[in-house]
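Okay, so here's the structure we're looking at.
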Amino acid sequence: MIQVVLCDDHAVLRRGIRDTLTESPDIHVTGEAGSYPELREVLRTAACDVLLLDLNLPGRSGLEVMASVKETHPDIKVLIVSMY
């Protein structure tokens with residue numbers, strides 16, 4: 001089972017990705033966040049193998065967030081998404 005956390009500031013996009021991922025029996029979405037502070041809280045309690053991370057978040061760029069996550073959770077794989 002692959003445990004995924006979604007981090008994107010657009011709730012509609014998170015919902016669409018979550019709905020698509022839950023169709024796979026091998027993937028479980030364990031948490032969602034719309035900002036870096038929310039993501040920190042989610043990662044404290046949710047199991048995560050893969051973080052699906054928006055490149056453009058309010059307040060901090062996705063690259064900054066990825067660097068911070070890699071410091072605290074080095075085993076999490078990060079998949080960057082972007083509208084660009």
Pairwise side-chain contact, R40 with S68, heavy-atom cut-off 4.5 Å (strictly under): no
V69, V29, L53, L39 screened by side chain to side chain contact (heavy atoms under 4.5 Å, CB included) with V5, the one that passes: L39
Minimum side-chain heavy-atom gap L57-D54 below 4.5 Å: yes
Close side-chain approach of L51 and C7, heavy atoms under 4.5 Å: yes
Same apolar cluster: V78 and I2, side chain cutoff 4.5 Å: no
Sidechain-backbone polar pair: S24 side chain, L21 backbone, donor-acceptor under 3.5 Å: no
T22 vs I27 side-chain heavy atoms within contact, under 4.5 Å: no
Under 3.5 Å donor-acceptor, R14 side chain and D8 backbone: yes
Approximate separation, where rounding is to 0.5 Å, of Y36 OH and M66 CE: 12.5 Å
Sidechain-backbone polar pair: E64 side chain, S61 backbone, donor-acceptor under 3.5 Å: yes
Minimal non-hydrogen separation, G31 against V42, with atom names: CA-CG1, 3.9 Å
Derivation of the side chain to side chain contact (heavy atoms under 4.5 Å, CB included) call for V81 and L55: CA-CA 6 Å; V81 294; L55 185 61; over 6 Å; no
Polar side-chain atom of K70 near backbone of I76 as donor-acceptor pair, under 3.5 Å: yes
Note, T72 side chain near L43 side chain (heavy atom, < 4.5 Å): no
Under the salt bridge (charged side-chain N to carboxylate O under 4.0 Å, His left out) test, residues paired with R18 that sit two or more places apart: E32
same_hphob_cluster(V50, L13) at 4.5 Å side-chain heavy-atom cutoff: yes
Set of side chain to side chain contact (heavy atoms under 4.5 Å, CB included) partners for A47, sequence neighbours left out: Q3
D49 and V4, any side-chain heavy atoms less than 4.5 Å apart: no
